[in-house]
Each structure stands twice: as C-alpha cells, then as structure tokens.
Chemist: 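Here it is: the structure, laid out below.
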Amino acid sequence: MAGVIVQRLLTSVSVIIGALVLVFFILYLLPGDPVLIMLAGAPASPETVQNLRHQLGLDQPVWVQLGTYLWDMLRGDFGRSLVSDDPVLPKIWEQFPATALLTLVSSCVAVALGVVLGVLSAIHKGRAIDLIARIVSLFGISMPTFWSGILLILIFSVQLQWLPAMGSEGVRTLILPALTLGLVGAGFIVRMVRNSMLEVLGEPFIVTLRSKGLPEKVVMYRHALRNALIPAITMVGIQIGELMAGAVVIETVFSRQGIGRLLADAITAKDLPVVQGVVFFTAIAYVVVNLFVDISYSIVDPRVRRSS
C-alpha cells in the first residue's frame with residue numbers, strides 16, 4: 001500500500017508542474033502587456049515602462065521567466081495583483097472557504113442523488129423510477145450550469161419566492177447554487193452506478209448467492225451494490241474536481257464570493273498573477289482530491305492494489 005501512495009504522490013507532483021507550465025504559456029501568449037495594465041493608462045515615459053518591465057523580469061528570455069515563475073509558485077510566492085497591488089495568496093485564502101463549502105455541499109448532493117437514483121434505476125429497470133432517473137441523468141449531463149442556474153432562479157426565487165437568488169450569507173443562499181452544481185455531478189453518477197449495477201447483477205456470483213437462499217436485500221445491497229460502487233468511486237473523484245471548476249460559472253450567476261468569482265474578475269481585468277495563483281491553487285485541490293480517491297480505490301478493490 002505504501003508503494004501505491006508513493007506512486008500516486010509522484011504522479012500528482014508531475015501533474016501540478018505540468019498544469020503550471022501549461023498555464024504559463026497560455027497566459028504568455030495572450031495579447032496585452034502586463035506593464036501597461038499596471039500603469040492603467042497613466043502617462044509614463046519609455047524609461048519608466050522599461051524599468052518596470054525589468055523589475056517584473058519581463059525582459060528576460062521566456063525560459064528564464066518560466067523557471068522563475070515555477071520556483072516562485074512552488075515555494076508559495078504567488079506575486080502581487082497587477083490591479084490592486086495586494087498579495088495574491090491572501091486574496092485566494094480569503095475566498096477559498098466559500099468555494100470549498102459550495103463544492104462540498106454540491107458533491108454531497110451529487111453523490112446522494114446519483115447513487116440512490118442509479119441503484120433504484122438498476123433494480124427497477126423499465127419501470128417509472130428508471131425513467132425518472134434517466135431523465136434526471138440526461139438533464140444533469142446536457143444542460144449548461146448557467147442555464148440550469150437561471151432556470152432554478154426563475155422557479156424558486158422569482159415565481160415561488162422560496163429562496164434568495166443571490167448572495168453568500170446564510171444557508172438559504174447556498175441551496176440553489178449547490179443544487180445547480182449537484183445536478184451536473186448526479187447526472188454522470190446516475191449513469192455510472194446504473195450501468196455498473198446492471199453489469200454486476202448479471203454476474204454468476206449473484207446467481208449463486210440467490211441460489212443459496214440469501215434474502216434479496218442482502219444480495220442487492222451487501223454484495224451487488226458494493227461491487228457496483230467500485231467504478232463509481234473514480235467518477236465521484238472526477239466530479240468533485242469538475243464541480244470546483246464549475247464554481248467559476250455558478251459564483252458569477254448567483255453573485256457569490258469565492259475563488260471562481262475571483263478568477264472571473266481577474267480574467268476580465270487581465271490580472272495575470274491572480275489568474276496564475278487561482279489556477280495553481282485549484283490544480284492542487286483537484287490533484288489532492290483525486291489522490292485520496294485513488295488511494296480509497298486501492299483500499300476498496302484489492303485487484304488495483306495488486307496490479308500497482
């Protein structure tokens with residue numbers, strides 16, 4: 001098991017470095033001069049512009065800039081905002097709890113709804129509950145989050161006036177954003193759990209268990225469900241990362257605070273250090289979540305542990 005963890009850690013580090021390099025070159029190739037952004041249109045002599053570019057290291061070769069950028073990011077120096085001149089890392093730490101809470105609640109909604117509907121859909125294949133589960137899955141997979149978010153606002157905030165449409169204060173403001181994101185994850189999990197459950201129910205060992213006279217509930221929930229959830233664990237980990245990335249849209253639609261909203265504002269203002277810091281921070285969170293999922297996958301399924 002220790003070898004599996006070390007292998008996953010090494011892979012995670014390489015993924016983070018690869019994400020950093022990719023973000024650097026994407027932002028490097030974008031049009032716009034960071035020095036002119038910092039000056040914000042203020043009159044400045046060519047000497048001032050050149051000195052500022054030298055202070056930022058922008059007059060260095062691209063490989064030198066890349067090396068400096070990687071070293072600074074890996075030791076936690078995210079730089080300062082080009083717009084406000086504030087340190088980037090405290091800005092991210094200030095906004096991260098709101099995004100983490102939204103992602104956590106959305107993940108709980110996605111897992112609970114996806115697993116329950118997926119199991120019921122497989123057990124009652126061809127019946128009404130199966131049709132409902134497939135409709136929920138299709139809706140979650142097909143509908144863009146900004147459209148489903150606006151639709152939920154129209155229904156529950158405008159028409160029924162049950163829940164607030166915007167804001168970050170209180171539990172009630174969290175329900176609609178979490179439900180919007182949770183439906184996306186639930187759509188994929190329903191399909192995965194349903195297909196896995198149907199496949200397991202057709203295995204010979206299920207027939208053997210039934211022939212031994214075990215109660216149907218024991219066969220379904222102790223044996224079939226446990227084996228069916230093994231492939232779904234990977235999907236859950238992927239969806240948690242996707243939900244965190246989807247917070248960029250959701251926090252904008254519902255006017256919530258968070259690193260998603262911070263990223264959207266930074267992209268609009270071309271505040272490159274903030275964009276780089278948020279992407280790096282999100283990549284670390286994504287890798288950590290999937291690292292725990294990989295380890296739990298190895299614990300649940302001994303075959304993975306043996307193959308590793």
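These numbers come from the heavy atoms of this one structure, side chains and all, not from hydrogens, waters or symmetry mates.
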Chemist: Do any N or O atoms from the side chain of Ser137 and from the backbone of Ala133 form a donor-acceptor pair under 3.5 angstrom?
Modeler: no
Chemist: Look at the side-chain heavy atoms of Ile, Leu, Val, Met, Phe, Trp and Tyr, link any pair under 4.5 Å apart, and say whether Val253 and Leu101 land in one connected group.
Modeler: yes
Chemist: Would you say the side chain of Ile153 lies within less than 4.5 Å of the side chain of Ser157, judging by non-hydrogen atoms?
Modeler: yes
Chemist: Check whether Leu102 and Phe146 end up in the same hydrophobic cluster, where Ile, Leu, Val, Met, Phe, Trp and Tyr are linked by side-chain heavy atoms less than 4.5 Å apart.
Modeler: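 Yes, because Leu102 and Phe146 connect within a single hydrophobic cluster, where side-chain heavy atoms sit under 4.5 Å apart.
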Chemist: Taking side chain to side chain donor-acceptor pair (under 3.5 Å) as the definition, give me every residue that meets it alongside Arg172, ordered by chain and number, with sequence neighbours left out.
Modeler: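 Checked Arg172 against side chain to side chain donor-acceptor pair (under 3.5 Å); zero matches.
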Chemist: Can you tell me how the ring of Phe156 sits relative to the ring of Trp162, calling it parallel under 30°, perpendicular over 60° and tilted otherwise?
Modeler: tilted
Chemist: Which residues satisfy the side-chain contact (heavy atoms from CB on, under 4.5 Å) test with Val200, sequence neighbours excluded?
Modeler: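 Testing Val200 for side-chain contact (heavy atoms from CB on, under 4.5 Å), a comparison that skips the adjacent residues, returns Phe205, Ile206, Ala224, Asn227, Ala228.
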Chemist: Taking only residues two or more places apart in sequence or in another chain, which ones pass salt bridge (Lys or Arg N to Asp or Glu O under 4.0 Å) with Arg194?
Modeler: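 Once residues adjacent in sequence are excluded, the partners of Arg194 under the salt bridge (Lys or Arg N to Asp or Glu O under 4.0 Å) criterion are Asp130.
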Chemist: Could you work out, with side-chain contact (heavy atoms from CB on, under 4.5 Å) as the rule, every residue matching Asp86, not counting sequence neighbours?
Modeler: Ser84, Lys91
Chemist: Taking side chain as C-beta onward, heavy atoms only, is Leu113 less than 4.5 Å from Leu183?
Modeler: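 Counting from C-beta outward, Leu113 and Leu183 do come under 4.5 Å.
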Chemist: Side-chain heavy atoms under 4.5 angstrom apart, residues restricted to Ile, Leu, Val, Met, Phe, Trp, Tyr: same cluster for Trp63 and Trp71?
Modeler: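 They do not share one cluster, since no chain of ILVMFWY contacts under 4.5 Å joins Trp63 to Trp71.
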Chemist: Identify whether Phe188 and Leu138 are in the same connected component of the hydrophobic contact network (ILVMFWY, side-chain heavy atoms under 4.5 Å).
Modeler: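 Not linked; separate clusters.
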Chemist: Show the nearest heavy-atom pair for residues Ala98 and Gly258, with the distance to one decimal.
Modeler: CB-CA, 4.3 Å
Chemist: Run the side-chain contact (heavy atoms from CB on, under 4.5 Å) test against Leu151 and tell me which residues pass, sequence neighbours left out.
Modeler: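 So Leu151 forms a side-chain contact (heavy atoms from CB on, under 4.5 Å) with Phe139, Trp147, Ile155.
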Chemist: Is it the case that atom CZ in Arg191 sees more than 12 heavy atoms from other parts of the structure closer than 6.0 Å?
Modeler: no
Chemist: Could you state the interatomic distance from OG1 (Thr99) to CD1 (Ile259), rounded to the nearest 0.5 Å?
Modeler: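 The OG1 atom of Thr99 sits 4.5 Å away from the CD1 atom of Ile259.
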Chemist: Is there a side-chain contact between Glu251 and Leu263, using heavy atoms and a 4.5 Å cut-off?
Modeler: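 No, their side chains stay 4.5 Å or more apart.
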Chemist: Can you list the residues that meet the side-chain contact (heavy atoms from CB on, under 4.5 Å) rule with Val88, with sequence neighbours excluded?
Modeler: Phe78, Ile92, Pro273, Val274
Chemist: Should Val171 and Leu152 be regarded as members of a common hydrophobic cluster, given that ILVMFWY residues are connected when their side-chain heavy atoms come within less than 4.5 Å of each other, either directly or indirectly?
Modeler: no
